[in-house]
Amino acid sequence: MMASDILLLIISLSLAGSILYAMVLIMHLFFKNYIKSRWFYSMMKIAMIFFLFPSILIALLAWERFLSTTSNFINGADLSKAFFHSNTDTFGRHLQNSAIFIILLCIWLAGFIICYAAALFQELLLMHHLRSVSNECISLDVYNLCKSISDRYKIKNHVSIYQSDVITSPFIVGFFGPTIFLPDKTFDLEVLDLILAHELWHYKSRDVLYKSVMAFISGLHWFNPIIYFFSISFSNYAEIACDEIVLDGCRKEKRLRYAEIIVNMINTNKETSVSVGMTDKQMNFTKRRLYYIMHENTHSKKSAILLMITLFVFACPFSVFAAVSTTAYAQDIFINELLINQSEQEAQIPINSFMEHTETVTPAAVNTISGITPRGTNPIDLTLPETGRVTFNTLTLSKGTTVKFVIGADNTSDSFRCGIAQGLKSTYVSSSNGTVNHTFTIKETGDYTLYLEGKSSSEVHVSGMITIKE
C-alpha cells in the first residue's frame, strides 16, 4: 500500500464515521421520545467501530470502482510479453510515493503520536500517581455489597476498590483487572449501592474498553474536528445508557436520590481517557442527564426501533461509499493538476522538436487494448517487448485535435516510438535519450488509434501521459 493509499483510507474512514455520527444525531432528534437512550448508544458503538474496521472492507470494494488498477497481458505474433496498467487509477501509480504524499503522511503520523501516544502516556502517569496516593478500601460492608452487585450482573472478575482524597467523583478503570476509585468519605449503603451499581455496569457493558478505543480513534483522526464532538457525545450516551440500566424499574424516590448523588459529586478532578466516571463537568449535559433520570422512558415503540434500525443499516454502506467517492473525486482533480505540472517542469526536450515519420503497416501488426479516453490526461505505465507494438483502443478524433505524448523510459539508452495510426497509415516519432515529448495534430476527422512500440534489444518500461485536447 502506497502513501496515497494510506491517506485516502484514513480520510475515507474519517468522513464515513462523521456521516454516521450525523445520522445518529438526526435520529436522536426525531426518535428520542419513543426510544430508550441505550439504543442510540448502541448506534454510537457501531459508528465508532465504523471509524476502524468494517468500512475498510467496503472502502476496498468502492476503490474497485474509483481507484482500481487493471492489468492486461497481450499475446500475439508481434507482441507476447506486453503488460499494461489501465488508467482507471486516479492517483497514477508513478506518483503514489510523491514527496507531497510522504510529507502529508508524516504530518498525520506526527499528529497521531502527539495526540494519542503522548496523551495516553500522560494519562497512565496520572493513574499511577492516583494509585500511589490512594488506599485500598478495607470495609467488609463495601466489598460484600460490591460482590452482591457483581453476582447480580454476572461479573466473575475480582473488583478492587480504592479510596482517595484527591478525587470528588467515583470512576472505574481497567478492563482485565477492574478497579473502582471512590472519594475518601463515608457513604450510606443506599448511596453506595447506586454508586457501585453504576460503575460495575460500566464494566459489564465494556465501557472502559470502548473509551480506550475511543481515545485511539481520536488520535487516529486528530485532523477531523468532528471526532472531538463524537468523543464527547459517546461518553455522554454511555452515562445516560448506564443510568437507564441502573434505575430500570425504580420508583421516583430512588431516582431523586440518584440525581442528588450526581449533583453532589459534580467533577472537579481531571477525567482520564481510560476511566469511566459517574459524573461529568459539562453542566448542560448534567442537566439533560438529570431530565432523563427523572423522566423515565418506560417503553420503546417497536415500530420506531425498526424504522431507526432500517435507516441506520442503509446509512452505513452509503456513508462509506459517499466518503470514498468524494475523496477520490477531490484527489482526482489534485493529482491531474500535479501530473500536468510535473510533466511541464520535467520536459527537457522542446515540444514538436521530434521529426514525424510515416509508414504503412498491416492489420496483423496491431494489438489493441483499451485504456485511452477521447479527451483529457491519461496516465501511462507499461512494459513494451523488444520490437512489439501496443496499440490502444480506437478513438474518433476531430480535425484540429491535439494528441500530446510525454513518455519516458527507465534508461536513456532505451528506444521506442510513439505514434498515431489511421487505417494502414501510421505517423510516429522516435525517442531521443529515452524520452518523447511531442504533440500530433489531427489533420482530418476520422478514427485513429494511438500506439507505443519498442525498438530495443530488450523489454522497455515506459511511463508518462497521453493528453488529448479538442
Side-chain angles (χ1 to χ4, degrees), residues 69-76 78-79 81-89 92-94 336 339-340 343 347 349 351-385 387-409 414-432 434-456 459-470:
T69 300
T70 304
S71 302
N72 301 284
F73 292 89
I74 308 137
N75 297 302
D78 301 312
L79 187 59
K81 296 181 181 179
F83 177 74
F84 173 72
H85 291 280
S86 76
N87 70 316
T88 54
D89 183 0
R93 292 293 171 183
H94 56 290
N336 194 40
L339 284 168
I340 295 174
S343 65
I349 303 176
I351 298 176
N352 291 326
S353 64
F354 295 84
M355 181 175 293
E356 295 184 2
H357 302 275
T358 302
E359 68 176 357
T360 301
V361 297
T362 62
V366 177
N367 296 272
T368 303
I369 58 176
S370 61
I372 297 296
T373 57
R375 63 181 60 83
T377 301
N378 301 270
I380 300 298
D381 188 352
L382 59 90
T383 300
L384 301 173
T387 57
R389 174 181 293 189
V390 175
T391 304
F392 300 100
N393 50 291
T394 301
L395 302 174
T396 300
L397 302 177
S398 303
K399 181 180 178 180
T401 300
T402 59
V403 181
K404 180 180 179 181
F405 286 83
V406 181
I407 306 294
D414 292 335
S415 179
F416 61 95
R417 292 177 178 178
C418 300
I420 300 177
Q422 184 182 30
L424 300 180
K425 181 181 178 181
S426 297
T427 303
Y428 67 89
V429 295
S430 297
S431 62
S432 174
T435 303
V436 167
N437 189 348
H438 183 75
T439 300
F440 294 93
T441 301
I442 303 301
K443 298 180 180 179
E444 61 181 56
T445 301
D447 294 333
Y448 294 84
T449 54
L450 315 183
Y451 68 88
L452 298 174
E453 184 176 356
K455 288 294 181 180
S456 295
E459 293 182 344
V460 177
H461 175 260
V462 297
S463 61
M465 298 183 303
I466 299 176
T467 303
I468 302 175
K469 294 182 179 180
E470 294 183 351

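Because only heavy atoms are used, hydrogens play no part in the values below, and waters and symmetry mates are left out as well, while side chains stay in.
To the nearest 0.5 Å, atom OG1 of residue T391 and atom CZ of residue R389 are 5.5 Å apart. Rounding to the nearest 0.5 angstrom, the gap separating the NZ atom in K404 from the OG1 atom in T377 is 9.0 Å. In this structure, CD1 on I442 lies 12.0 Å from NZ on K399, to the nearest 0.5 angstrom. Here the OG1-CD1 distance, from T401 to I468, works out to 8.5 Å after rounding to the nearest 0.5 Å. Here the straight-line distance linking atom OH of Y448 with atom CG of N393 works out to 16.0 Å at 0.5 Å rounding. Atoms CZ and CG, on F392 and L450 in that order, are 7.5 Å from each other to the nearest 0.5 Å.
Closest approach of I407 and I380 over heavy atoms only: CD1-CB, 4.3 Å. Closest non-hydrogen pair, V460 versus S456, comes out as CG2-OG, 3.5 Å.
Within the 4.5 Å cutoff, side-chain heavy atoms of D381 are placed close to those of H461. Side-chain atoms of L384 and V390, non-hydrogen and from C-beta on, do get closer than 4.5 Å to each other. You'll find the side chain of L452 reaches within 4.5 Å of the side chain of V462, heavy atoms only.
Residues forming a side-chain hydrogen bond (donor to acceptor under 3.5 Å, both in side chains) with H357 (at least two apart in sequence, or on another chain): none. For T441, the side chain to side chain contact (heavy atoms under 4.5 Å, CB included) partners two or more places apart in sequence, or in a different chain, are T402. K455 meets the salt bridge (charged side-chain N to carboxylate O under 4.0 Å, His left out) test with E453; sequence neighbours excluded.
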Enumerate, atom names and distances included, each donor-acceptor pair closer than 3.5 Å involving a side-chain atom of residues 414-422, sequence neighbours excluded.
residue, atom, partner, partner atom, Å
D414, OD2, N411, N, 3.2
D414, OD2, N411, ND2, 3.4
R417, NH2, Y428, OH, 3.4

Go through T449 and L395 one step at a time and tell me if the side-chain contact (heavy atoms from CB on, under 4.5 Å) criterion holds.
CA-CA 6 Å; T449 54; L395 302 174; over 6 Å; no
Worked verdict on L397 versus V403 for side-chain contact (heavy atoms from CB on, under 4.5 Å):
CA-CA 10 Å; L397 302 177; V403 181; 4.1 Å; yes
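Screening residues 435-449 for salt bridge (Lys or Arg N to Asp or Glu O under 4.0 Å) gives no qualifying pairs among residues at least two apart or on separate chains.
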